[in-house]
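We use all heavy atoms of the structure for the numbers below, so side chains are in, but hydrogens, waters and symmetry mates are not. In each ligand, atom 1 is the first atom listed, and ligand 1 is the first ligand listed.
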Amino acid sequence: MNVREAVVVAHPNVALSKYWGKREGEGNFPAVPSLSVTLGGLTTRTRFRWRSDLAEDRVVINGRELTLEQASRIVALIDRVRRKLGLDAGAEVESHNDFPTASGLASSASGFAALALASVRAAGADWDAAQVSDLARRGSASAARSVFGGVVELDAGPTDGRVEDVLAARTVAPADHMPLVVLVAVTTDAVKAIGSTEGMRATMARSPYAEAWLEHAPVAHATLKQALLARDFVRVGELAEANALAMHACAIAAGVTYWNGGTLEALAAVRALRDAGTPAFATIDAGPHVKVLARPQDAPRVKARMEATPGVQRVVQATVGEGARVEGGMS
Ligand code: DP6
């Protein structure tokens, strides 16, 4: 039996300017550019094995084996690697998140980033990070960003693109570029009701503000990127909060609502912190949790305030971290 293996670690990321909306057609190309920070301290660890004796792929996440239907996006990515590298082995994937999967942190971003790198390295292929990022994007577009560390940008896809067009993320500033902590105020332990793929499709199909979002997002993105490169924390925070609110306003207008009571309480707590002189800003992804951007020196105060907020179950603290990397060698 021939087994080839790689173990990879990757981190989730939080978008400061959001990817919300896809280009028409196949290939999972975003309709708008996005900018994120990769979150250190929260880790997905994926062991990938190519096994010549395995007829069907096996996927185990956090100790639970998925059916092939549940794992269809994962198997689609593995099929692509098989095709590109001319392999006919089965794949065995074991992945574990050291943060709660329902914490609202993007486990699909770290998961697909780890899967992409591990599948390629286990096969002994020396694809560069951009090729791995392009592969990860096909599983989940935000995963293209988790391949890289620090501050990461993903452009919008080509307007008249074809499925084989390449679109990878890239680092625009290293992890230590601007001191930043992200405090995740977890407002429920339930798994989210509407996945992001479905949520963005429904938004684009039904929101009266979809066109306005698609026009506004690239402009907001460019302004935010500029503020970030200038290390202007307050401006970055203001723009990130405004971007998240615009994305959610657009989604809510289509009946795509991710918020709960705790989300509103947490947003009010962040405003109260600001009113009392602490620069803290909120962003929200496709879930009810509120991610608070703060300066490291303010982290204890912000964390305590968020923990005392009604509807907030707990607060998970993260910093800016590194991209996906191989931990174990090949055999
Ligand atoms: C709100 O990357 O999960 O977190 O490509 O359909 O898998 P798919 O979507 P996904 O969407 C992320 C949406 C977001 C914003 C962001 O991370 O940029």
Side-chain angles (χ1 to χ4, degrees), residues 10-39 42 44 71-74 76-77 101-116 133-148 151-157 163 167-169 172 182 184 191-205 207 213-214 217-218 220-221 224-225 239-252 254 256-259 263 282-291 293 318:
H11 307 295
N13 68 74
V14 62
L16 305 177
S17 69
K18 308 287 188 195
Y19 146 53
W20 197 250
K22 296 176 194 284
R23 292 283 190 226
E24 299 278 317
E26 308 257 302
N28 203 32
F29 291 97
V32 296
S34 57
L35 193 76
S36 62
V37 290
T38 304
L39 296 176
L42 305 158
T44 294
S72 61
R73 277 163 82 153
I74 294 170
L77 189 143
T101 302
S103 72
L105 286 157
S107 55
S108 78
S110 51
F112 276 106
L115 176 73
S133 175
D134 176 71
L135 174 65
R137 177 187 52 75
R138 294 168 191 274
S140 190
S142 56
R145 300 187 310 243
S146 271
V147 170
F148 297 93
V151 183
V152 185
E153 182 173 36
L154 178 64
D155 295 336
V163 65
L167 181 69
V172 295
V182 179
V184 185
V191 177
K192 66 184 169 191
I194 319 168
S196 25
T197 307
E198 191 192 338
M200 65 180 90
R201 286 201 192 285
T203 304
M204 294 308 136
S207 177
W213 163 257
L214 293 172
H221 168 84
L224 198 148
K225 181 180 171 187
L239 292 166
E241 187 168 311
N243 183 272
L245 294 176
M247 177 204 122
H248 282 274
C250 181
I252 288 168
V256 178
T257 309
Y258 289 103
W259 297 6
T263 314
T283 184
I284 308 168
D285 287 314
H289 318 294
V290 174
K291 293 150 191 181
L293 312 172

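Geometrically, ligand 1 and Ser140 share a nitrogen or oxygen pair separated by less than 3.5 Å. At least one N or O atom of Tyr19, backbone or side chain, sits closer than 3.5 Å to an N or O atom of ligand 1. Considering backbone and side-chain N/O of Ala141, one or more are found under 3.5 Å from N/O of ligand 1. Inclusion of Ser17 in the set of residues having an N or O under 3.5 Å from an N or O of ligand 1 is not warranted.
Two residues are said to be in side-chain contact when any heavy atoms from C-beta on lie closer than 4.5 Å; Leu167 and Pro30 meet this criterion. Residues Leu77 and Phe112 meet the side-chain proximity criterion, which asks for heavy atoms closer than 4.5 Å.
At a cut-off of 3.5 Å, with distance as the only test, no side-chain donor of Trp213 or Ser207 sits close to an acceptor on the other residue. Counted by atom type alone, Arg73 and Ser108 present zero donor-acceptor pairs between their side chains at under 3.5 Å.
Contact annotation for Arg73 and ligand 1: only side-chain heavy atoms (C-beta onward) come within less than 4.0 Å of the ligand. Counting heavy atoms closer than 4.0 Å to ligand 1, residue Arg145 contributes side-chain atoms (C-beta onward) but none from N, CA, C or O. When non-hydrogen atoms are compared, ligand 1 lies under 4.0 Å from the side chain of Asn28 (C-beta onward) but not from its backbone. Under 4.0 Å from ligand 1, heavy atoms of Ser142 appear from its side chain as well as its backbone.
Listed by chain and number, the residues in a side-chain hydrogen bond (donor to acceptor under 3.5 Å, both in side chains) with Thr263 are Asn260 (sequence neighbours excluded). Checked against salt bridge (Lys or Arg N to Asp or Glu O under 4.0 Å), Glu153 has the following partners two or more places apart in sequence or in another chain: Arg170, Lys225.
Within ligand 1, the atoms closer than 4.0 Å to a non-hydrogen atom of Ala286 are 1 (C), numbered from 1 in the order shown. Residue-ligand proximity, Lys22 to ligand 1, at heavy-atom distances under 4.0 Å covers atoms 5 (O), 6 (O), 8 (P). Short contacts between ligand 1 and Met200, defined as distances under 4.0 Å to a heavy atom of the residue, involve ligand atoms 9 (O), 11 (O). Near Ala15, with a cut-off below 4.0 Å to any heavy atom, the atoms of ligand 1 are 16 (C), 17 (O), 18 (O). Close approach of ligand 1 to Thr197 is summarised as follows: ligand atoms under 4.0 Å from at least one heavy atom of the residue are 6 (O), 7 (O), 8 (P). The distance from ligand 1 to the heavy atoms of Ser196 drops below 4.0 Å at these ligand atoms: 3 (O), 9 (O), 10 (P), 11 (O).
Relative orientation of the Tyr258 and Trp20 rings is perpendicular, given thresholds of 30° and 60° on the angle between their planes.
Smallest separation of non-hydrogen atoms from Ile194 and Val256: CD1-CG1, 4.1 Å.
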Practice problem: Go through Thr203 and Met247 one step at a time and tell me if the side chain to side chain contact (heavy atoms under 4.5 Å, CB included) criterion holds. | Solution: CA-CA 10 Å; Thr203 304; Met247 177 204 122; over 6 Å; no

